[in-house]
There are 2 protein chains.
Amino acid sequence: MANRMDWTADTGGLETVARATLQEQIYQQLRNRIMSGFFKPGQALSMRSVAEAVGVSVMPVRDALRRLEVENALVVGHNRALEVPKLDAETLMEISDMRIALEGLAVERAIPAIDEADLEHLRGHFTDMSESIVSDDTDGYLAANWAFHSHIYRRAGAGILISVIESLWLRMGPYFRLTAEDYRHLDNAMIIHHDIVGALEMGDAAAARAGIIADIEAATRDLKYWLNSNDGHEAAQ
Amino acid sequence: MANRMDWTADTGGLETVARATLQEQIYQQLRNRIMSGFFKPGQALSMRSVAEAVGVSVMPVRDALRRLEVENALVVGHNRALEVPKLDAETLMEISDMRIALEGLAVERAIPAIDEADLEHLRGHFTDMSESIVSDDTDGYLAANWAFHSHIYRRAGAGILISVIESLWLRMGPYFRLTAEDYRHLDNAMIIHHDIVGALEMGDAAAARAGIIADIEAATRDLKYWLNSNDGHEAAQ
DNA sequence: TGGTGATATGTGTGATCACACTTGGAGTCA
DNA sequence: TGACTCCAAGTGTGATCACACATATCACCA
């Protein structure tokens, strides 16, 4: 007789359905938009406005926004509403220092775990970045860049390190797009990423770390230049 | 005529009153207890149980627990209830690596800002640690130890760095007490902290960083030894 | 003209309720 | 004795409502 065991054995190809809670879905949606620079710095995200926008009550929105607040991806604004944080030069340097320390650590820890399959993935992300540049696809470039880095860091072990790194990228997210639209910088970035892949192929931890640091320092330099050029940058004021 | 300006000018000594929300109070209370090792690893903290314990509804508890969850200070347990995370050797090494990277960075950034008043505070915390040892006051020792370190890190600049460092201590908190009760380790810890103060007095960034790293490595070594001795450590199972 | 006060709007906070889901164990039947 | 079914307890999730507080606007009065 066909009991439960037999039935489940026949379903090996099925994937586990994603039963994400509303709060989780809203969180991921907001997170992606912040990371990709969809929201302008200073833009307010109140519970009721977001709730109405996505068509749910304030409860799941409340949880999602609180999560982002704890991650420093949102900060309390002048009238208590949460808003996308603006970046000043001081905070930029703090985040840059933390990125160098943590992403340098992550790539060193990842080196022993990187295999040929990982390298193939990284070359794919590298190609995506190149193609995004020639097709003038900023969104695609940012996504491929994050895919490239996060793939390395995920090989570094457990989740605390990468979750902190992600929160730092989240904080920089609203500004990445601004500098990525200047294509002079991207040529240099592609050279750096090429070197990183080379270092990983050789298993050279020092070179890989140096490549990651060079990438972060270049991004920080570009962003600092942008901040000076657009002093105050009253976006979405 | 006595207008508002005059009145406010007379109140220079007043401190801003702390109008903490319930959620904030519960969060701080839980946080302190986790940090000081009040809860055993594996202990469950469900919304309703905490709400009943503090005499409020589940709403503020819900927010407080979610904050702690995002900070990795609590994790979801086997029956969806949040619980104090247990530490395995792998996670311990990950946190240790992150602490070395971030606390080393923090002390280097702090060096230029440390003045004589800071040194006086640090000597006071050092004295508190010594006295706590002789009076067999583990709670006092842990509090003074955190006060010592956090005073240094707070001189490192803005808040993102220290908030991440705090979350790492929070994750280790439930275990600090266990190793601190072995007084053989504390003699060594006092020597290290003495050296750190000396390095800060000299403004020697490299020595200060080395001292912080030595402290972290010693704590990690002790904890790793404890984990091996109490394999599985089925506390509050 | 300039300060004052009422008010409307928007904000997060917290309580209460209903619901879906998971887990564990008692009870039942083969 | 063993496997199965069912039910009770416990869990987080989400909706709805009421409230306190902050801000901006505008009418009003000296």
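Chain identifiers are assigned alphabetically (A, B, ...) following the order of the sequence lines, protein sequences preceding nucleic acid strands; residue numbering begins at 1 within each chain. Computation of the quantities below employed the complete heavy-atom set of this structure, encompassing side-chain atoms and omitting hydrogens, waters and symmetry-equivalent molecules.
- Interatomic distance, B:Leu227 CG to B:Tyr175 OH, rounded to the nearest 0.5 Å: 6.5 Å.
- Contacts between residues 64-74 of chain A and DNA chain C, defined by a heavy-atom separation under 4.0 Å, are made by A:Arg66.
- Atom CZ in A:Arg80 sits about 13 Å away from atom P in D:dA20, given to the nearest Å.
- In the helix from C:dT1-D:dA30 to C:dA30-D:dT1, the rotation axis of the first five pairs and that of the last five pairs differ in direction by 0°, rounded to 10 degrees.
- Comparing D:dG12, C:dG12, C:dG14 against the side chain of B:Gln23 picks out C:dG14 as the nearest.
- The salt bridge (Lys or Arg N to Asp or Glu O under 4.0 Å) test applied to A:Glu217 returns no partner, not counting sequence neighbours.
- Counting only heavy atoms from C-beta on, B:His78 has its side chain closest to C:dG24 among C:dG24, C:dG12, D:dT23.
- Put simply, CE on B:Met47 is 13 Å from C1' on D:dG10, counting in whole angstrom units.
- When each of A:Asn79 and A:Glu24 is assigned the nucleotide of DNA chain D with its nearest heavy atom, A:Glu24 is the one assigned upstream, toward the 5' end.
- Remark: P of D:dG10 and CD of B:Glu83 are 17 Å apart, rounded to the nearest angstrom.
- By the salt bridge (Lys or Arg N to Asp or Glu O under 4.0 Å) test, B:Asp63 pairs with A:Arg62, A:Arg66, sequence neighbours left out.
- The ring pair (Phe, Tyr, Trp, His ring centres under 6.0 Å) check on B:Phe176 picks up B:Trp169, with sequence neighbours excluded.
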Would you mind writing out the side-chain donor-acceptor pairs for residues 142-154 of chain A within the sub-3.5 Å range, not counting sequence neighbours?
unit_1	atom_1	unit_2	atom_2	d
A:Asn145	OD1	A:His149	NE2	3.4
A:Asn145	OD1	A:His193	NE2	3.1
A:His149	ND1	A:Tyr153	OH	3.0
A:His149	NE2	A:His193	NE2	3.0
A:His149	NE2	A:Asp215	OD2	3.0
A:Ser150	OG	A:Trp146	O	3.0
A:Ser150	OG	A:Ala147	O	3.4
A:His151	NE2	A:Asp118	OD1	3.0
A:Tyr153	OH	A:Glu103	OE1	2.4

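- The salt bridge (charged side-chain N to carboxylate O under 4.0 Å, His left out) pairs that include a residue from residues 71-84 of chain B are B:Arg31-B:Glu71, where partners are two or more places apart or lie in different chains.
- Side-chain atoms of B:Glu94 come within 3.5 Å of backbone N or O of A:Ile160 as a donor-acceptor pair.
- Every side-chain contact (heavy atoms from CB on, under 4.5 Å) that B:Pro60 has, sequence neighbours left out, goes to B:Leu22, B:Gln23, B:Ile26, B:Val56, B:Ser57.
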Under 3.5 Å between N/O atoms: give me all the protein pairs with nucleotides 15-19 of chain D, atom names plus distance.
unit_1	atom_1	unit_2	atom_2	d
D:dA15	OP2	A:Ser57	N	3.1
D:dA15	OP2	A:Ser57	OG	2.2
D:dA15	O5'	A:Ser57	OG	3.2

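- Take B:Glu108 and apply the side chain to side chain donor-acceptor pair (under 3.5 Å) test, not counting sequence neighbours, and it matches B:Arg209.
- Shown here are the salt bridge (Lys or Arg N to Asp or Glu O under 4.0 Å) partners of A:Glu90, two or more places apart in sequence or in another chain: there are none.
- In this structure, the CG atom of A:Asp63 is 8 Å from the C1' atom of D:dT13, given to the nearest Å.
- When the salt bridge (Lys or Arg N to Asp or Glu O under 4.0 Å) test is applied to A:Arg48, no partner is found at least two apart in sequence or on another chain.
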